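Hydrogens, waters and symmetry mates play no part in the numbers below; they use all other heavy atoms, side chains included. As the structure lists them, so they are numbered: ligands from 1, and atoms in each ligand from 1. None of these values were measured; they are calculated from a predicted model.
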Amino acid sequence: MKFTVLRSSGHARRGIVETDHGTFDTPAFMPVGTQGTVKALTPHDLENLGAEIVLSNTYHLYLRPGTEVLCKAGGLHHFMKWSRPILTDSGGYQVFSLSELRKIEEDGVRFRSHLDGSMHLFTPERVVEIQRAIGSDIMMVLDECTPYPADEEYASRSNDLTLRWALRCREQFDRTRPEYGHAQNIFGIVQGSVYPGIRERSARALVSIGFDGYAIGGLAVGEPAEEMYEIVALCNELLPERAPRYLMGVGTPENLLEAIDRGVDMFDCVMPTRNGRNAMLFTRTGRLNITNAQYKFDLLPLDPVCECYACRNFSRAYLRHLFVSKEILGLQLASIHNLYFYQWLMREARSAIMEGSYQDWKQHQLSYLVQEVSQT
Ligand SMILES: [Zn+2]
């Protein structure tokens, strides 16, 4: 993997990541395809709306369909018919958020499947092997996503374990080889809750182990946004210039713009797709709920200036009708539009960085991004 920073504007960076499945531009937003599918969309839809990399999830793919199926299919790219880059998260977060029973041990985390109650053990080594079977271009280390709030002592002990696991992941990565002929890469994850001292220790230790990129984890878990931005800025000061930085699971359009301003290169979040399936649309003049009665006779496009497939072809009244009638096409069109909006936002951010005017552009966007669309 090769990462090149083309231009900076303040701390904001415009770059390109090259993988064996092609390049993606940064700042990048990765649509979330937890189960090997971005819900309601085909790979064709994803390419058309401008996605260059998608995220999938180790925990879910390990439990279902399982690594034997993925190996037989020649890896996740072939299985889901997506020929561009894939990043997989390690499953640590899902073990802690989904499984009914989990026990953290030095060796790894023991958990009960949320699907059938069966018991499993994720060790750092096992998680690397599963991601070898998936064949993701970028894999993540096993970590404990420290819950919020956590006291400093817990956060410190949790981070120490995450660092020992990160080293074991790195060693297992170096001992094993890709299964399908394309190169794989591995990112470390900075933890440490909202404590600057622990975050600093985490970032320095990961950099000394050495990874292809670095993620900032354990944020957007309930802490105030300002606290998140301070931690992001601190981590990015400590992480190397030459490697991509990935803020996990974040977030709203405003969060993305603020994090880019503090040097983040990559994002993922379920928000555009999940909110879309709940009838909430992001537009360039704010957010709207398409099921509102005011749209019943509204024959304008969802967002008149948007060039996505949904906005070029369908009216607000039609999309409202689809949602009210519980037609599945509504979920697809809303997902297409919201993901296109996120990709548009990243394209515009990249242009603003190239022009050296990111901060002015950001202020302009923030002045209306958070508004509810007025009752017109
Ligand atoms: Zn649109």
Side-chain angles (χ1 to χ4, degrees), residues 24-25 27-33 37-55 82 84 250-257 260 267-352 361-362 364-376:
F24 60 92
D25 294 308
F29 180 80
M30 302 182 278
V32 176
T37 166
V38 176
K39 291 187 195 306
L41 300 184
T42 65
H44 186 68
D45 293 330
L46 289 169
E47 286 194 7
N48 283 346
L49 61 83
E52 296 183 314
I53 172 171
V54 299
L55 175 142
W82 173 255
R84 288 169 168 275
V250 175
T252 64
E254 308 85 84
N255 292 155
L256 267 56
L257 298 194
I260 290 170
F267 301 92
D268 79 284
C269 191
V270 295
M271 191 170 280
T273 38
R274 181 178 290 166
N275 288 17
R277 295 195 306 277
N278 287 309
M280 201 229 85
L281 301 173
F282 293 94
T283 78
R284 307 212 192 155
T285 49
R287 294 161 197 192
L288 60 85
N289 187 315
I290 199 64
T291 56
N292 286 352
Q294 71 187 93
Y295 301 118
K296 187 171 181 183
F297 296 99
D298 189 340
L299 293 172
L300 286 173
L302 309 176
D303 184 347
V305 291
C306 178
E307 289 169 349
C308 83
Y309 171 75
C311 292
R312 279 190 288 107
N313 291 282
F314 304 99
S315 64
R316 294 170 181 172
Y318 181 64
L319 196 63
R320 178 178 185 276
H321 159 69
L322 293 177
F323 269 95
V324 170
S325 312
K326 302 202 177 345
E327 283 291 335
I328 55 178
L329 181 60
L331 310 185
Q332 186 184 9
L333 293 178
S335 299
I336 287 174
H337 168 78
N338 278 355
L339 281 177
Y340 186 96
F341 175 85
Y342 268 62
Q343 297 299 338
W344 167 82
L345 195 65
M346 294 299 100
R347 276 200 305 277
E348 292 290 304
R350 294 193 293 263
S351 300
W361 175 83
K362 182 193 85 174
H364 177 68
Q365 295 297 319
L366 291 178
S367 64
Y368 62 76
L369 272 179
V370 292
Q371 292 171 8
E372 294 286 329
V373 168
S374 58
Q375 309 274 316
T376 49

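Between M346 and L256, the closest heavy-atom pair is CE-CD2, 3.5 Å.
Residues I328 and L322 are not in side-chain contact: their nearest non-hydrogen atoms beyond the backbone lie 4.5 Å or more apart. For the pair C306/W344, no side-chain contact is recorded, criterion being any heavy-atom separation below 4.5 Å from C-beta on.
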Could you pull out every donor-acceptor pair under 3.5 Å between side chains of residues 267-281 and any protein atom, sequence neighbours left out?
unit_1	atom_1	unit_2	atom_2	d
D268	OD1	Y246	OH	2.8
D268	OD1	G249	N	2.8
T273	OG1	V270	O	3.1
N278	ND2	R274	O	3.1

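Taking F314 as the reference, Y309, Y318, L333 meet the side-chain contact (heavy atoms from CB on, under 4.5 Å) condition, with sequence neighbours excluded.
For the Zn ion (ligand 1), protein N/O/S neighbours under 2.8 Å (waters excluded) are C306 SG, C308 SG, C311 SG, H337 ND1.
Residue pairs that meet the side-chain hydrogen bond (donor to acceptor under 3.5 Å, both in side chains) test with at least one member in residues 324-337, sequence neighbours left out, are D45-Q332, H321-S325.
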